[in-house]
Amino acid sequence: MRTDTTFKRAFNDMIDIIRTLDLGEELPSENALRAQLGVSRTTVRKVLAGMSARGIIISEAHRRIIGEQPQQIERYPKEETLAISEQVETSFMEWMLRGDACPGTEINEAELARKFGVATTIVREFLNRFQKYGLIEKRQNAGWVFKGFTASFALELFEIREMFEMRSARLFATLPDGSPVWKQIQSMRAAHLELLADIDARFQDFSELDSRFHRLITAVAPNRFIESFQDVIAMVFHYHYQWNKRDERARNEVAIGEHLALIEALESRNIALIDRACRLHLTSARETLLHSIA
């Protein structure tokens with residue numbers, strides 16, 4: 001099961017890599033792909049074989065080149081790419097945000113384990129890791145309790161998010177022309193336009209794209225603490241966006257427009273334009289989150 005999950009995740013990541021390349025362009029070496037995907041060479045070769053079978057990759061004179069651009073439909077569903085720990089994380093967030101959990105709700109490890117179909121120890125390990133975000137609390141000589149999402153929590157979250165995301169966005173102005181980030185930005189624009197063109201049918205796909213976009217921005221300034229904090233950002237926004245169904249399509253369409261404006265500002269390398277576009281989007285996102293809590 002783990003191998004299959006690893007393959008599917010690597011396959012999806014390979015799609016993202018290929019979308020940064022042009023038709024006819026040569027793929028990086030297997031060693032380079034192994035490092036980029038974080039998997040074994042065996043898995044890389046399995047992914048390449050899958051891409052070749054679909055006609056996405058063509059072998060030519062000891063080279064592998066891009067034969068055609070992969071479509072969104074060729075990606076494996078996200079739930080099929082998650083490790084057990086991530087499945088528990090997903091199930092727990094859905095339980096908190098879509099169930100009847102409210103501040104003060106007691107959390108029973110054994111009950112959640114049965115509900116999620118995993119061992120109690122896995123749930124306990126997750127709760128121990130998750131408590132650092134301040135949404136749950138361990139009671140002495142008792143179980144866990146859900147503290148809840150509040151306006152205060154959302155505002156504290158945004159204070160930190162604004163600091164590190166504005167800093168990262170400004171660094172785009174210093175990137176050289178040859179930085180691989182620019183191709184990733186082009187691919188990100190294409191993904192936004194593709195979603196926007198089919199917004200009526202696919203508006204629920206926005207939360208995943210939103211997470212990928214903001215992770216790309218913060219990746220320009222690698223920081224292990226920011227990367228860890230980005231996990232809770234992604235979880236809170238992903239699930240709040242899905243949980244709060246009010247005007248979901250319209251909200252997501254507006255956010256896509258803000259992302260495209262920010263991409264244009266990033267490509268301009270004009271710090272004033274970057275600051276304006278980034279601050280506008282973060283302010284809008286903050287209001288969306290606060291509105292969903294109200």
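- Between the side chain of N128 and the backbone N or O of R124 there is at least one donor-acceptor pair closer than 3.5 Å.
- Distance alone, capped at 3.5 Å, places no donor-acceptor pair between the R202 side chain and the A197 backbone.
- Using a 4.5 Å cut-off on side-chain heavy atoms (C-beta onward), H259 and D210 make contact.
- Interatomic distance, I136 CD1 to F146 CZ, rounded to the nearest 0.5 Å: 9.5 Å.
- No donor-acceptor pair under 3.5 Å is formed between the side chain of Q36 and the backbone N or O of N31.
- Under the 4.0 Å criterion applied to side-chain N and carboxylate O atoms, E26 and R64 are not assigned as salt-bridge partners.
- Cluster annotation: I107 and V118 are assigned to the same hydrophobic cluster (Ile/Leu/Val/Met/Phe/Trp/Tyr, side-chain heavy-atom contacts under 4.5 Å, transitive).
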Report task. Go through F92 and L127 one step at a time and tell me if the side-chain contact (heavy atoms from CB on, under 4.5 Å) criterion holds. Result -> CA-CA 9 Å; F92 183 75; L127 294 174; 3.8 Å; yes
Query - Derivation of the side-chain contact (heavy atoms from CB on, under 4.5 Å) call for F213 and I263 - result: CA-CA 10 Å; F213 177 61; I263 287 172; 3.6 Å; yes
Report task. Would you sort out whether S284 and E258 count as a side-chain hydrogen bond (donor to acceptor under 3.5 Å, both in side chains), showing the intermediate values? Result -> CA-CA 9 Å; S284 175; E258 292 172 356; 3.0 Å; yes
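- Residue K183 qualifies as enclosed at atom NZ: its count of foreign heavy atoms under 6.0 Å is above 12.
- Counting only heavy atoms from C-beta outward, the side chains of N108 and L112 never approach each other to under 4.5 Å.
- No donor-acceptor pair under 3.5 Å is formed between the side chain of S179 and the backbone N or O of P176.
- In this structure, I18 CD1 and E68 CD are separated by 10.0 Å, a value rounded to the nearest 0.5 Å.
- Looking at T43, its side chain never comes within 3.5 Å of a backbone N or O of V39 through a donor-acceptor pair.
- Looking at E162 and R286, no side-chain N of the basic residue comes within less than 4.0 Å of a carboxylate O on the acidic one, giving no salt bridge.
- No side-chain N or O of E165 forms a donor-acceptor pair with one of T218 less than 3.5 Å apart.
- The pair R19-E194 counts as a salt bridge, with a side-chain nitrogen and a carboxylate oxygen less than 4.0 angstrom apart.
- Side-chain N or O atoms of N252 include one that pairs as donor or acceptor with a backbone N or O of F203 at under 3.5 Å.
- Residues passing the salt bridge (charged side-chain N to carboxylate O under 4.0 Å, His left out) test with E125, sequence neighbours excluded: none.
- Smallest separation of non-hydrogen atoms from I274 and R170: CG2-N, 4.1 Å.
- Using the six-membered ring where Trp is involved, H214 and H281 have ring planes that are parallel, under 30° apart on the 30 and 60° scheme.
- For the salt bridge (charged side-chain N to carboxylate O under 4.0 Å, His left out) with R75, the lone residue among D16, D205, D13 that qualifies is D16.
- In the displayed structure, R139 atom CZ is contacted under 6.0 Å by at most 12 heavy atoms of other residues, nucleotides or ligands.
- A distance of 7.5 Å separates CD in Q69 from OG in S187, rounded to the nearest 0.5 Å.
- Put simply, L21 and F11 are part of the same group of oily side chains (I, L, V, M, F, W, Y) that touch within less than 4.5 Å, one to the next.
- A side-chain donor-acceptor contact under 3.5 Å links T283 to the backbone of R279.
- Across all their heavy atoms, A191 and L209 have their closest contact at CB-CD1, 3.9 Å.
- Below 30°, between 30° and 60°, or above 60°: for F126 and F130 the angle between ring planes is below 30°, a parallel geometry.
- For the pair E253 and L196, the tightest heavy-atom approach, listed with the atom from each and the gap, is CG-CD1, 3.9 Å.
- At a threshold of 4.5 Å between non-hydrogen side-chain atoms, the residues M51 and M14 count as touching.
- Across H192 and L260, no two heavy atoms sit closer than the pair CB-CD2, 3.7 Å.
- Ionic pairing of E159 and R161 is not present here: no N-O contact between side-chain nitrogen and carboxylate oxygen is shorter than 4.0 angstrom.
- Taking hydrophobic clusters as Ile, Leu, Val, Met, Phe, Trp and Tyr residues chained together by side-chain heavy-atom distances below 4.5 Å, I271 does not share a cluster with I185.
- At a threshold of 4.5 Å between non-hydrogen side-chain atoms, the residues M163 and I160 count as touching.
- Contact annotation: the side chain of V181 approaches that of V220 to within less than 4.5 Å [non-hydrogen atoms, C-beta and beyond].
- When the salt bridge (charged side-chain N to carboxylate O under 4.0 Å, His left out) test is applied to D198, no partner is found at least two apart in sequence or on another chain.
- Checked by atom type and distance alone, the side chain of N270 pairs as donor or acceptor with a backbone atom of L273 at under 3.5 Å.
- Taking every heavy atom of both residues into account, C278 and A169 meet most closely at SG-CB, 4.1 Å.
- Without hydrogens or angle criteria, E267 side chain to E264 main chain gives no donor-acceptor distance under 3.5 Å.
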Query raised in the report: When you look at T105 and V145, which way does the side-chain contact (heavy atoms from CB on, under 4.5 Å) test go after all the steps?
Result: CA-CA 6 Å; T105 298; V145 65; 5.9 Å; no
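- Summarising the geometry, atom CG belonging to D177 is positioned 8.5 Å from atom CH2 belonging to W182; distances are rounded to the nearest 0.5 Å.
- E109 CD to W144 CH2: the interatomic distance, rounded to the nearest 0.5 Å, is 7.0 Å.
- The hydrophobic cluster containing I56 does not contain I58, counting ILVMFWY residues as joined when their side-chain heavy atoms lie under 4.5 angstrom apart, directly or transitively.
- In this structure, the side chains of L27 and I65 stay at 4.5 Å or more apart for every pair of heavy atoms.
- The minimum heavy-atom distance between L171 and A221, with the atom names listed, is CD1-CB, 3.4 Å.
- At a threshold of 4.5 Å between side-chain heavy atoms, the hydrophobic network of Ile, Leu, Val, Met, Phe, Trp and Tyr places L193 and L262 in one connected group.
- When the salt bridge (charged side-chain N to carboxylate O under 4.0 Å, His left out) test is applied to E111, no partner is found at least two apart in sequence or on another chain.
- Interatomic distance, R251 CZ to E287 CD, rounded to the nearest 0.5 Å: 13.0 Å.
- Looking at R63 and S59, their side chains never come closer than 4.5 Å, going by heavy atoms from C-beta outward.
- Using a 4.5 Å cut-off on side-chain heavy atoms (C-beta onward), L33 and V47 make no contact.
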